[in-house]
Amino acid sequence: SCGEYHACLSTQDFADDTPAEDGWMHFSSLVVEDTPCWAYDVRGVRVTREVAMAFEQNAVALRYTIENRTGEEAELTLRPMLLGFEKGHAPEKEWPVAYADGVFTMGEMALHLAASAPVEAEEPRYFMQAYMHDAPDGRPEKGLVASCACIRVAAKAGQSAVVTLVASDKGCELSAEEIIAAQKSRMAALRDQSGLKDAAALQLVNAADAYIAQRASTGGKTILAGYPFFGDWGRDTMIALPGCCLSTGRYEDAKNILIERNLRLVVYTAQKFDNTGVGVE
């Protein structure tokens, strides 16, 4: 908001009478250089959002920058939308949600939030979102999300302001600035390790990294089949391994994935047969 003018920067359709959000009208650019950075422009005010994840942690850092080129104070309001269920669930009934002392509680789930600006607790509100692009694939066409807190940061006329957030499942000791800096450093190291020179190839080196993950159940590396819903499967992992690991110079990761997959196959086989080689149920 700036003066009497208010603009929404998010974009979402709703399955009830709530007006659709039109943040796409203010979207200016998306630049991916080690981290993705979105830019929005509203009547002389530019808002950028940069995102990075802490390496092999369930923690995501966000940095919002407000550049106010107007003669009035501009304020950015951030309101986290919460879904206290595993991926793929789209609840249609309200569930308990609250914020206190840096933690969102959502039924049996918790989300820790470290912010560089005060977080204001609010009464829970629920929004029935419409998922028009999910419905054709057989996924839910609508579902509730909840809001129970907000963060406000102001930039005076002609000045800039920054607010950072770190959201995690168990709390994170790293700051948003540290997570973003570490991501940039790690991406540069991966490019150097690959030995490649072509600009497009170096972009693919960094893109491939997003699919190489740590599997909690085995403690080994694996390759995810795709975002946002797919996990890791043996066939997809083997197909992607040469491009994600060998072409990029990540030979230790390739070795780890092959060993981990072989161990899982041995365990699976042991479950299917007894020590005489006779199949068991």
Side-chain angles (χ1 to χ4, degrees), residues 28-39 48-65 87 112 114 116 162 164-268:
S28 301
S29 66
L30 168 61
V31 177
V32 181
E33 293 179 350
D34 299 335
T35 59
C37 187
W38 293 260
T48 58
R49 178 182 67 228
E50 188 172 11
V51 178
M53 289 196 71
F55 183 56
E56 294 188 345
Q57 295 186 49
N58 289 325
V60 61
L62 299 97
R63 178 168 58 197
Y64 291 86
T65 303
K87 64 180 182 180
H112 294 252
S116 64
V162 176
T164 60
L165 311 173
V166 176
S168 61
D169 60 345
K170 299 177 182 178
C172 182
E173 296 180 356
L174 298 173
S175 68
E177 302 290 355
E178 290 172 329
I179 292 173
I180 292 171
Q183 172 72 355
K184 294 178 182 292
S185 177
R186 207 173 72 81
M187 290 295 101
L190 289 175
R191 291 194 294 270
D192 291 341
Q193 178 181 319
S194 73
L196 300 171
K197 303 298 181 183
D198 181 77
L202 292 174
Q203 283 187 315
L204 292 174
V205 168
N206 286 4
D209 179 68
Y211 295 89
I212 301 173
Q214 191 79 4
R215 187 179 178 90
S217 62
T218 63
K221 296 286 187 180
T222 189
I223 297 178
L224 301 181
Y227 294 100
F229 294 110
F230 296 142
D232 61 329
W233 295 310
R235 179 197 64 178
D236 300 73
T237 297
M238 293 300 104
I239 291 172
L241 187 144
C244 287
C245 297
L246 301 183
S247 298
T248 59
R250 300 178 65 160
Y251 305 122
E252 285 301 315
D253 287 338
K255 177 181 176 181
N256 186 280
I257 290 169
L258 291 171
I259 292 173
E260 187 268 341
R261 280 287 163 184
N262 186 53
L263 289 175
R264 289 176 65 190
L265 178 60
V266 170
V267 171
Y268 177 77

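For clarity, every value in this text was computed on a predicted model and none was experimentally measured.
At a threshold of 4.5 Å between non-hydrogen side-chain atoms, the residues I223 and D232 do not count as touching. Within the 4.5 Å cutoff, the side chain of N58 has no heavy atoms near those of the C172 side chain. For the pair V60/S168, no side-chain contact is recorded, criterion being any heavy-atom separation below 4.5 Å from C-beta on. At a threshold of 4.5 Å between non-hydrogen side-chain atoms, the residues R49 and L62 count as touching. Counting only heavy atoms from C-beta outward, the side chains of R63 and E177 approach each other to under 4.5 Å. You'll find the side chain of L174 reaches within 4.5 Å of the side chain of Q57, heavy atoms only. Side-chain contact between C37 and L30 is absent, with no heavy atoms from C-beta onward closer than 4.5 Å.
We find the OG1-CG distance between T248 and L204 to be 10.5 Å, quoted to the nearest 0.5 Å. A distance of 6.5 Å separates CG of N206 from CG of L190, quoted to the nearest 0.5 Å. Distance check: W38 CH2 to S29 OG gives 11.0 Å after rounding to the nearest 0.5 Å. The distance from the SG atom of C245 to the CG atom of D209 is 10.0 Å, given to the nearest 0.5 Å.
C244 and R250 get closest at one heavy-atom pair: O-CD, 4.1 Å. Shortest non-hydrogen contact noted between Q183 and T35 is CG-CG2, 3.6 Å. A pairwise comparison of heavy atoms in S175 and E178 identifies N-OE1, 2.9 Å as the closest pair. Contact detail for K197 and L202: the closest heavy-atom pair is O-CD1, 3.9 Å. In terms of heavy atoms, V162 sits closest to T65 at CG2-OG1, 3.9 Å. Scanning all heavy atoms of the two residues, the minimum distance from L196 to S247 falls at CD1-O, 4.0 Å.
Of the candidates I257, I212, L224, I257 is the only one forming a side chain to side chain contact (heavy atoms under 4.5 Å, CB included) with T237.
The number of heavy atoms from other shown groups lying within 6.0 Å of NZ (K255) does not exceed 12. Remark: F55 CZ is packed, more than 12 non-hydrogen atoms of other residues, nucleotides or ligands lying under 6.0 Å away. Around CD of E56, the count of heavy atoms belonging to other residues, nucleotides or ligands within 6.0 Å exceeds 12.
Checked against salt bridge (Lys or Arg N to Asp or Glu O under 4.0 Å), E173 has no partners two or more places apart in sequence or in another chain. Take D192 and apply the side-chain hydrogen bond (donor to acceptor under 3.5 Å, both in side chains) test, not counting sequence neighbours, and it matches no residue.
Ionic pairing of R186 and D34 is not present here: no N-O contact between side-chain nitrogen and carboxylate oxygen is shorter than 4.0 angstrom.
No donor-acceptor pair closer than 3.5 Å links the side chain of Y64 to the backbone N or O of E50.
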